[in-house]
2 protein chains.
Amino acid sequence: MNETLDLTIGCESCPIKHRAVCARCDADELETLDGIKYYRSFEAGQTVIWSGDRMEFVGSVVSGIASLTQTMEDGRTQMVGLLLPSDFVGRPGREFASYDVVATTDLVMCCFRRKPFENMMVETPHVAQRLLEMTLDELDAAREWMLVLGRKTAREKIASLLSIIGRRDASLKLEGTIGKIVFDLPLTREAMADYLGLTLETVSRQMSALKRDGVIELQGKRHVTVPSFERLMDEAGDDADGGMMA
Amino acid sequence: MNETLDLTIGCESCPIKHRAVCARCDADELETLDGIKYYRSFEAGQTVIWSGDRMEFVGSVVSGIASLTQTMEDGRTQMVGLLLPSDFVGRPGREFASYDVVATTDLVMCCFRRKPFENMMVETPHVAQRLLEMTLDELDAAREWMLVLGRKTAREKIASLLSIIGRRDASLKLEGTIGKIVFDLPLTREAMADYLGLTLETVSRQMSALKRDGVIELQGKRHVTVPSFERLMDEAGDDADGGMMA
DNA sequence: ACCTAGACTTGATCTGGGTCAAGGGTTCGC
DNA sequence: GCGAACCCTTGACCCAGATCAAGTCTAGGT
């Protein structure tokens with residue numbers, strides 16, 4: 001499934017090399033890339049791109065968390081995507097950004113100037129195909145989230161979010177997704193609310209309720225221990241298979 | 001924007017030829033396609049594919065409307081995509097379906113056997129690129145819908161749905177999206193509710209309210225007249241630009 | 001013509017989550 | 001060490017939309 005993740009050609013802190021570009025490629029392409037690649041750092045809370053801005057680059061998250069958000073004129077906001085390390089940002093072929101991209105934590109991104117990247121994509125078909133696969137994955141994630149937003153209760157929403165972050169975190173640490181899981185929440189209660197279509201008060205109340213009921217333990221406000229991942233999945237109302245089926 | 005829509009090489013009732021395959025291609029590729037192409041018809045209410053089924057084909061909607069839906073064990077369902085004529089169905093590279101695909105009205109699809117289609121995709125890079133563009137469009141639509149599901153009121157949700165269907169319908173008829181619009185709702189109140197994350201009673205009440213307030217007129221239950229599209233957009237809480245910016 | 005079934009509407013009531021308000025805990029800078 | 005700024009929690013109350021319960025309307029079928 002993650003057949004490209006173990007490739008280590010090139011700089012290992014740059015996930016795009018592994019996932020979008022390096023997959024099944026030869027060293028020549030890495031040479032090509034190095035001329036158009038650069039890193040950018042952002043502080044927590046900083047906006048990476050405003051919706052409507054010209055996109056000068058595409059890239060991927062090296063460390064930290066970014067979020068895609070949409071805002072209505074009256075200030076209501078909805079997070080429409082959570083970008084974790086190794087996630088791709090940007091739209092080859094799109095001139096302007098469709099969403100605000102905000103650094104939710106301190107953030108390092110690996111960027112490629114858009115035009116040269118697009119040219120390279122045309123010349124190397126498997127990059128386009130890898131990008132298509134990644135986009136399809138994002139689409140699946142977005143659609144799964146539509147079920148969360150449209151039909152789940154506040155408690156189920158929280159459990160869903162915790163299980164996504166917990167699973168992702170655990171797989172990065174190469175642990176299993178069974179039994180006990182420990183991780184730090186990279187989001188404020190407000191950011192969680194924006195992702196879940198709730199208010200921060202409701203998020204806080206439901207976190208307390210899940211703690212009271214023994215589904216999670218909290219050390220401080222952000223450090224979470226999940227004694228039974230199955231129990232959490234159950235609270236989330238998901239099928240037990242854990243999303244193994246694409 | 002719809003640069004590929006006016007191509008008329010090949011059978012004009014088969015949108016995939018126009019949108020996914022024919023774009024900027026030469027006649028040879030049409031020959032290749034004809035060996036692996038077939039049509040399928042479905043009655044309203046029939047299920048095209050069950051989630052988890054092996055996908056034997058990809059294809060596109062020729063006429064009628066299909067929907068992608070997700071269902072929880074307890075029966076709560078959420079529609080995660082509405083497939084209108086010319087929309088693409090299926091995932092090159094994916095073995096199994098992720099969602100139920102249901103014919104919401106009588107439906108004709110133009111199908112391609114999946115394996116040969118994938119092979120063709122590898123050989124003709126611009127098809128992969130067209131598919132990437134289409135997938136990015138779907139992703140944008142899904143994310144826009146996340147804002148609807150997460151943050152909009154029932155009245156705004158209904159107005160959003162009506163404006164999407166109305167706009168799509170009007171553009172197919174080559175009318176503008178300004179001023180008056182007339183169309184038939186292709187969805188039952190229940191299907192609307194499933195798409196909007198509401199109950200059918202709430203949908204019905206809000207339709208009545210929009211009618212009472214003069215935002216829409218109803219002839220029968222399904223035939224809708226929108227005297228002012230701007231007014232409708234306003235009720236939907238959208239920016240005025242009408243989504244012209246991809 | 002009548003009967004039935006499915007799609008829709010409308011009313012009455014209930015409730016989950018929003019809103020408003022008042023705190024508490026930590027981490028800064030001074 | 002003290003105030004200020006965040007971030008978070010908890011309580012009291014309210015309301016949009018869910019739920020439960022009758023209906024109405026229309027299209028087919030006999």
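Lettering follows sequence order; numbering is per chain, from 1.
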Side-chain donor-acceptor pairs of residues 193-209 of chain A under 3.5 Å, sequence neighbours excluded:
unit_1	atom_1	unit_2	atom_2	d
D194(A)	OD1	T77(A)	OG1	3.2
D194(A)	OD1	R151(B)	NH2	3.3
D194(A)	OD2	T77(A)	OG1	3.2
T199(A)	OG1	T202(A)	N	3.4
T199(A)	OG1	T202(A)	OG1	3.1
S208(A)	OG	S204(A)	O	3.1

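The bend of the helix from dA1(C)-dT30(D) to dC30(C)-dG1(D), defined by the angle between the axes of its first five and last five pairs, stands at 30° to the nearest 10°.
Counting any heavy atom pair closer than 4.0 Å across all strands shown, L198(A) reaches sugar-phosphate atoms only and no base atom. Residue-level contact check: G197(A) touches the backbone only, with heavy atoms under 4.0 Å from sugar-phosphate atoms and none from bases.
With rounding to the nearest 0.5 angstrom, the NZ atom of K157(B) is 5.5 Å from the CG atom of L149(B).
Counting heavy atoms from C-beta on, the side chains of R94(A) and L136(B) come closer than 4.5 Å.
We find that CG of L196(B) is positioned 18 Å from P of dA16(D), with the value rounded to whole Å. Residue Q219(A) contributes atom CD, which lies 18 Å from atom P of dG25(C) at whole-angstrom precision. If you take CZ of R189(B) and C1' of dG6(C), they are 14 Å apart, rounded to a whole angstrom. Straight-line distance from the CZ atom of R151(A) to the C1' atom of dG16(C): 15 Å, rounded to whole Å. In this structure, R155(B) places its CZ atom 18 Å from P of dC15(D), rounding to the nearest Å. A straight line from CG of L200(A) to P of dG18(C) spans 10 Å, rounded to a whole angstrom. The distance between atom NZ of K152(A) and atom P of dA18(D), rounded to the nearest whole Å, is 18 Å. dA18(D) atom C1' lies 14 Å from atom CG of D194(B), rounded to whole Å.
A salt bridge links E138(A) with R143(B): the closest approach of a Lys/Arg side-chain nitrogen to an acidic carboxylate oxygen falls below 4.0 angstrom. Here E235(B) pairs with R155(B) in a salt bridge; the nearest charged N to carboxylate O distance falls below 4.0 Å. For D213(A) and R231(A), the salt-bridge test fails: no basic side-chain N is under 4.0 Å from an acidic carboxylate O.
In this structure, S204(A) does not reach the dT10(D) phosphate: none of its side-chain N or O atoms is under 4.0 Å from OP1 or OP2. Residue R222(A) places none of its side-chain N or O atoms closer than 4.0 Å to OP1 or OP2 of dC7(D). Distances shown here put every side-chain N or O of T188(B) at or beyond 4.0 Å from the OP1 or OP2 atom of dG6(C).
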Between the protein and nucleotides 19-22 of chain D, list every N/O to N/O distance that falls short of 3.5 Å.
unit_1	atom_1	unit_2	atom_2	d
dT19(D)	O4	R205(B)	NH2	2.8
dC20(D)	N4	E201(B)	OE2	3.3

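Side-chain N or O atoms of R91(A) include none that pairs as donor or acceptor with a backbone N or O of V58(A) at under 3.5 Å. Under a 3.5 Å cut-off, the side chain of T188(A) and the backbone N or O of A191(A) do form a donor-acceptor pair.
Mapping K221(A) and A154(A) onto DNA chain C via the closest heavy atom, the residue that lands nearer the 5' end is A154(A).
For the 3.5 Å distance criterion, the side chains of K152(A) and S160(A) qualify, holding a donor opposite an acceptor.
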